[in-house]
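Quick caveat: nothing in here was measured; it's all calculated off a predicted structure. In what follows, residues are counted from 1 in the order of the sequence shown.
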Amino acid sequence: MQYNAALKEMYKYIEDSRITNKYINGVYSLILRKSLLLLGIGSAQIDLILPKNTYKSGECINGYFLIKGGTLAQRIRRIECDLIMDTHSTGIDKILKTSTILSSREINSGESNEIPFNFCLPILKEPYKRGVSYRLKTRLILDKGIIGKDDDWILIDSE
């Protein structure tokens with residue numbers, strides 16, 4: 001009789017320690033995931049989806065941002081998109097136009113969201129020059145300053 005009681009007590013102790021270990025491992029796992037997020041590992045990602053790659057000077061671009069959730073839920077603060085002119089001979093980048101979308105929405109782990117993107121290109125005197133290229137540089141700013149980035153190269157022809 002005492003033998004059975006001792007076995008029951010031992011099994012109860014083992015089961016309690018398993019539960020405790022699962023809880024401790026879960027806490028350590030959460031801390032590790034949050035630490036990696038601060039380094040940008042496992043954070044939400046952004047991709048600008050454009051219908052084509054060639055546009056005319058002054059044309060409006062209609063696409064969307066595809067945002068994919070990371071390993072944990074994160075709050076989106078804003079999305080920034082810059083039209084940048086890269087001059088290859090000098091290595092100088094010039095920001096021609098900027099668009100910002102403010103947000104307070106949250107994206108959950110594994111979730112995907114589409115946010116409309118509308119951007120009118122400026123009228124350029126000589127858009128197609130040798131040694132010059134254009135790109136849309138997108139930044140996703142999340143809680144705690146975590147940033148997701150995306151670059152999309154486009155061609156701009158004259159009107």
Side-chain angles (χ1 to χ4, degrees), residues 19 21-159:
I19 291 170
N21 284 339
K22 283 182 182 179
Y23 175 75
I24 290 171
N25 288 339
V27 169
Y28 283 137
S29 175
L30 183 64
I31 291 170
L32 178 62
R33 285 186 284 168
K34 285 188 174 188
S35 299
L36 290 173
L37 280 179
L38 291 174
L39 297 172
I41 299 169
S43 64
Q45 298 175 349
I46 189 163
D47 188 16
L48 175 58
I49 308 297
L50 301 173
K52 58 185 183 175
N53 293 330
T54 303
Y55 297 91
K56 297 209 178 291
S57 180
E59 183 177 353
C60 288
I61 300 172
N62 295 308
Y64 63 92
F65 296 109
L66 178 62
I67 301 173
K68 294 180 182 175
T71 56
L72 294 173
Q74 295 172 292
R75 184 158 310 281
I76 299 170
R77 291 293 175 208
R78 68 183 179 276
I79 300 170
E80 299 173 347
C81 188
D82 300 329
L83 174 63
I84 298 175
M85 179 176 71
D86 291 325
T87 307
H88 305 290
S89 59
T90 60
I92 296 174
D93 294 347
K94 181 179 178 185
I95 297 174
L96 301 177
K97 189 173 179 181
T98 300
S99 174
T100 302
I101 299 172
L102 300 176
S103 176
S104 62
R105 71 174 64 176
E106 190 169 285
I107 184 157
N108 294 315
S109 175
E111 181 182 6
S112 289
N113 283 337
E114 292 180 8
I115 297 175
F117 170 74
N118 301 306
F119 190 93
C120 290
L121 297 172
I123 296 174
L124 304 170
K125 291 180 185 176
E126 294 181 73
Y128 192 74
K129 289 194 288 189
R130 176 180 238 164
V132 174
S133 57
Y134 300 92
R135 65 188 160 106
L136 291 165
K137 181 177 185 164
T138 306
R139 288 177 305 284
L140 175 66
I141 292 78
L142 304 165
D143 241 0
K144 299 179 179 91
I146 300 166
I147 298 176
K149 297 179 183 178
D150 180 42
D151 283 319
D152 292 278
W153 295 90
I154 60 172
L155 295 172
I156 302 177
D157 285 334
S158 52
E159 298 178 66

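- Summarising the local packing, NZ of K97 is surrounded by more than 12 heavy atoms from other residues, nucleotides or ligands at distances under 6.0 Å.
- For the atom pair CG of D47 and CG of D152, the computed distance is 6.5 Å after rounding to the nearest 0.5 Å.
- Using a 4.5 Å cut-off on side-chain heavy atoms (C-beta onward), I76 and L142 make contact.
- Scanning all heavy atoms of the two residues, the minimum distance from S57 to P122 falls at OG-O, 3.4 Å.
- For the atom pair CG (L140) and CZ (R77), the distance works out to 12.0 Å, reported to the nearest 0.5 Å.
- Although no hydrogens or angles enter the test, the distance criterion places no donor-acceptor pair under 3.5 Å between the side chain of D82 and the main chain of I95.
- Across every non-hydrogen atom of T54 and K52, the tightest pair is O-CE, 3.2 Å.
- Across every non-hydrogen atom of I46 and G148, the tightest pair is CG2-O, 3.9 Å.
- In plain terms, the two heavy atoms of I123 and G58 that are nearest each other are CG1-CA, 3.9 Å.
- Between R135 and D93 a salt bridge is recorded (basic side-chain N to carboxylate O distance below 4.0 Å).
- The structure places CZ of R139 at 4.5 Å from CD of E80, a figure rounded to the nearest 0.5 Å.
- Side-chain atoms of F117 and I61, non-hydrogen and from C-beta on, do get closer than 4.5 Å to each other.
- Among the candidates I154, L155, D157, the single residue satisfying the side chain to side chain contact (heavy atoms under 4.5 Å, CB included) test with Y55 is I154.
- To the nearest 0.5 Å, atoms CD1 (I156) and CG (L83) are separated by 5.0 Å.
- Within the 4.5 Å cutoff, side-chain heavy atoms of F65 are placed close to those of I101.
- Rounded to the nearest 0.5 Å, atoms OH (Y64) and CG (L50) are 10.0 Å apart.
- Atom SG in C120 sits 9.0 Å away from atom CD in E59 (nearest 0.5 Å).
- Looking only at side-chain heavy atoms (C-beta outward), K94 and T87 stay at 4.5 Å or farther from each other.
- Taking 4.5 Å as the limit, some side-chain heavy atom of E106 sits within range of a side-chain heavy atom of N108.
- In this structure, S109 contributes its side chain and G70 its backbone to a donor-acceptor pair below 3.5 Å.
- The shortest distance between side-chain heavy atoms of R105 and I115 falls below 4.5 Å.
- Residues S133 and H88 come closest through the heavy atom pair OG-NE2, 3.0 Å.
- Between I107 and A44 the shortest heavy-atom distance is CG2-CB, 4.2 Å.
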